[in-house]
Amino acid sequence: MTDTNGFSLTRRGALVSGAAAASTTALPLDAQPLPAETPAATVPVSFTVNGKKRTLDLDPRVTLLDALREHLHLTGSKKGCDHGQCGACTVMVEGKRINSCLTLAVMHDGDEITTIEGLGKPGDLHPMQAAFVKHDGYQCGYCTPGQIMAAVAMLQEVKDGVPSYVSPDLTAAGRIDAQEVRERMSGNICRCAAYSNIVAAIADVAGAEDVA
Amino acid sequence: MKPFTYERATSPAAAAAAVAAKPGAKFVAGGTNLLDLMKLQIEAPTHLVDVNRLGLDTIEATPDGGLRVGALVRNTALAADPRVRRDYGVLSRALLSGASGQLRNKATTAGNLLQRTRCPYFYDTNQACNKRKPGSGCAALGGYSRALAVIGTSKDCIATHPSDMAVAMRALDATVETVDGSGRTRTIPIADFHRLPGSTPWIETALTPGEMITAVTLPAPVRGTHIYRKVRDRASYAFATISIAAILPESGTPRFAFGGLAHKPWRVAAAETKADGGAKAIAAAALAGATPTSQNAYKIPLVERTLAAVLAEGRAA
């Protein structure tokens with residue numbers, strides 16, 4: 001694991017070494033260790049994360065999400081379903097929101113990536129982060145980084161004229177109301193169902209009037 | 001995921017040659033469907049050829065008044081293109097009805113056409129599926145078939161094609177452009193691009209091994225009311241139980257293509273000439289020969305009722 005943040009011990013590292021220690025005493029005599037899968041050849045990749053250039057040498061199987069979390073220790077982006085269904089892993093690549101679990105890190109050479117850590121910091125919150133706090137737009141908080149990244153990028157999509165399935169007129173300039181927020185945010189699941197407050201937080205930032 | 005090697009292609013023909021040369025090689029574009037399937041080991045390519053930076057991401061006007069959409073144009077970019085919103089509303093609306101904002105930002109035009117079925121037995125590696133494992137049988141027959149196909153099925157497969165975009169492209173008579181490993185190009189009408197399952201449900205398209213989609217061409221726009229109506233189990237971010245792409249011109253024959261019914265976007269010429277007979281006549285002609293299961297027979301009346309809603313929307317427009 002590339003340890004670029006100066007952490008001397010990760011939780012996963014502790015679990016692995018703990019398991020290894022246990023196995024030396026608990027392994028039955030006739031048990032054979034599983035044959036190690038031949039590791040794939042690594043591929044060098046460089047991208048900019050939250051304004052900082054990062055260079056990694058990765059097994060091509062590593063998703064962008066795992067590169068961010070496990071290699072760069074940016075654990076704000078969450079792994080929920082790992083199949084693009086929940087939106088907890090949402091980050092921005094070149095300003096566009098995507099599911100970082102469904103893309104390979106090596107496909108992003110040269111890209112500009114923004115995670116929740118790059119949006120704002122305690123004491124200097126992004127307006128969307130502040131609005132989620134103000135409107136209590138979460139309960140357990142696990143989906144929140146993905147919700148906030150998706151919401152910020154979604155409002156930019158509206159500004160850029162991207163219509164939605166519920167837009168009455170595809171050619172009209174984008175406007176935002178509660179129905180539009182709900183449709184455009186449908187890729188982010190909140191199993192605590194804090195949806196009402198999430199919609200209120202996003203609408204607050206968007207300056208939407210028609211908010212139920 | 002199973003281990004694989006990775007390369008970034010330098011041109012479409014080189015990409016096609018690279019995939020054609022290596023058994024088990026695949027193209028990766030948006031990756032939103034492929035990576036999902038690789039994590040489940042339903043797909044296990046030994047080599048991936050990344051086709052993302054080949055300049056295939058533009059939408060250009062064609063001499064005959066249509067649009068040529070590059071294979072790598074993202075679903076969001078296509079849906080939001082001002083020309084598509086103005087002249088091909090059915091396509092914009094169909095794209096926007098599919099997936100989520102995040103997925104549409106990544107998913108590509110060619111990848112959308114090539115996405116695999118969401119049949120639950122295809123996704124469950126413990127079940128028989130002729131598509132996933134040829135010759136293993138079809139567990140969907142007599143299984144949980146509520147979301148599956150009602151027409152054009154076979155005794156070997158009742159999967160549906162999951163795309164919304166492809167249904168609109170079928171109504172628009174789009175053309176798929178390809179290049180193969182030897183650099184030879186050809187065009188395939190969308191009607192011939194997707195296949196019915198027959199006895200080889202694992203062969204889903206007309207593409208040959210290594211053949212790569214480079215663009216999808218839309219003919220000059222058909223003026224009139226464009227509607228894409230999708231019926232699903234929740235209001236957003238769900239696959240269609242049924243969907244209808246309709247183009248209702250001011251005069252002349254309307255066009256209707258259906259999603260959620262078959263292994264390919266479903267369009268029947270005889271149904272369009274019956275349009276004066278209303279929803280009942282159109283639905284009867286479109287669904288002639290349907291063989292639904294007890295669980296998905298509800299789709300038959302649902303098509304007629306959704307058609308009635310589409311026609312009413314057209315009259316009100």
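All figures in this text were calculated on a predicted structure; none of them were measured in a lab. Scope of the values below: all heavy atoms of this structure, side chains included, with no hydrogens, waters or symmetry mates. Below, chain A is the first sequence line, B the second, and so on; all start at residue 1.
- Taking chain A as the reference chain and counting heavy-atom pairs below 4.5 Å, the highest number among B/L35, B/T32, B/L48 is found for B/L35.
- Pairing each heavy atom of B/S100 with each of A/N99, the nearest pair is OG-OD1, 4.5 Å.
- Considering only heavy-atom pairs separated by less than 4.5 Å from chain B, the leading option among A/V162, A/D82, A/T103 is A/D82.
- Other residues, nucleotides and ligands contribute over 12 non-hydrogen atoms within 6.0 Å of the CD atom of B/Q41.
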task = Apply the test side chain to side chain contact (heavy atoms under 4.5 Å, CB included) to residues B/L40 and A/H83: give CA-CA distance (whole Å), side-chain angles for both, the deciding distance (0.1 Å), then the verdict.
result = CA-CA 10 Å; B/L40 298 165; A/H83 286 275; 3.7 Å; yes

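- For B/R53, the part sitting under 4.5 Å from any heavy atom of chain A is the side chain, from C-beta outward, and nothing else.
- Considering CE of B/M38 and CG of A/L102, their distance stands at 11.5 Å, rounded to 0.5 Å.
- Contact count versus chain B (heavy atoms, under 4.5 Å) is highest, among A/D109, A/V166, A/N188, A/T63, for A/D109.
- The CZ atom of B/R86 sits 9.5 Å away from the OG1 atom of A/T171 when rounded to the nearest 0.5 Å.
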inquiry  = Applying side chain to side chain donor-acceptor pair (under 3.5 Å) to B/D36 and A/Q85, what does each step give before you reach the verdict?
reply    = CA-CA 10 Å; B/D36 179 27; A/Q85 298 172 4; 5.3 Å; no

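- B/Q102 contributes atom CD, which lies 12.5 Å from atom CZ of A/R184 (distance to the nearest 0.5 angstrom).
- Comparing B/A99, B/A235, B/S97, B/A238 by how many heavy-atom pairs each has under 4.5 Å with chain A, the most go to B/S97.
- Listed here is the closest heavy atom pair of A/L170 and B/G89: CD1-O, 3.6 Å.
- In plain terms, the two heavy atoms of A/M107 and B/V28 that are nearest each other are CE-CG2, 3.9 Å.
- Looking at every heavy atom in both residues, B/S92 comes nearest to A/P163 through OG-CG, 4.3 Å.
- Using a 4.5 Å heavy-atom cutoff, the side chains of B/S236 and A/Y165 are not in contact.
- Under the 4.5 Å side-chain criterion, counting only non-hydrogen atoms from C-beta, A/R97 is not in contact with B/T76.
- Remark: the backbone N or O of A/V43 is not paired with any side-chain donor or acceptor of B/Y6 at under 3.5 angstrom.
- Within 6.0 Å of NZ on A/K78 lie more than 12 heavy atoms contributed by other residues, nucleotides or ligands.
- More than 12 heavy-atom neighbours from other residues, nucleotides or ligands sit within 6.0 angstrom of NZ on B/K39.
- For the pair B/Y237 (side chain) and A/I189 (backbone), a donor-acceptor distance under 3.5 Å is absent.
- Between A/S164 and B/R93, the shortest heavy-atom contact is O-NH1, 3.6 Å.
- Along residues 103-116 of chain B, the residues that come nearer than 4.5 angstrom to chain A, judged on non-hydrogen atoms, are B/L103, B/N105, B/K106 in order of number.
- Heavy-atom distances place the side chain of B/R8, and not its backbone, under 4.5 Å from chain A.
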request  = Using the side chain to side chain contact (heavy atoms under 4.5 Å, CB included) rule, take A/S186 and B/R234 through it: C-alpha gap first, then chi angles, then the decisive distance, then the call.
outcome  = CA-CA 10 Å; A/S186 67; B/R234 58 185 184 200; over 6 Å; no

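- Residues B/D50 and A/V106 have side chains not in contact (no heavy-atom distance under 4.5 Å, counting atoms from C-beta outward).
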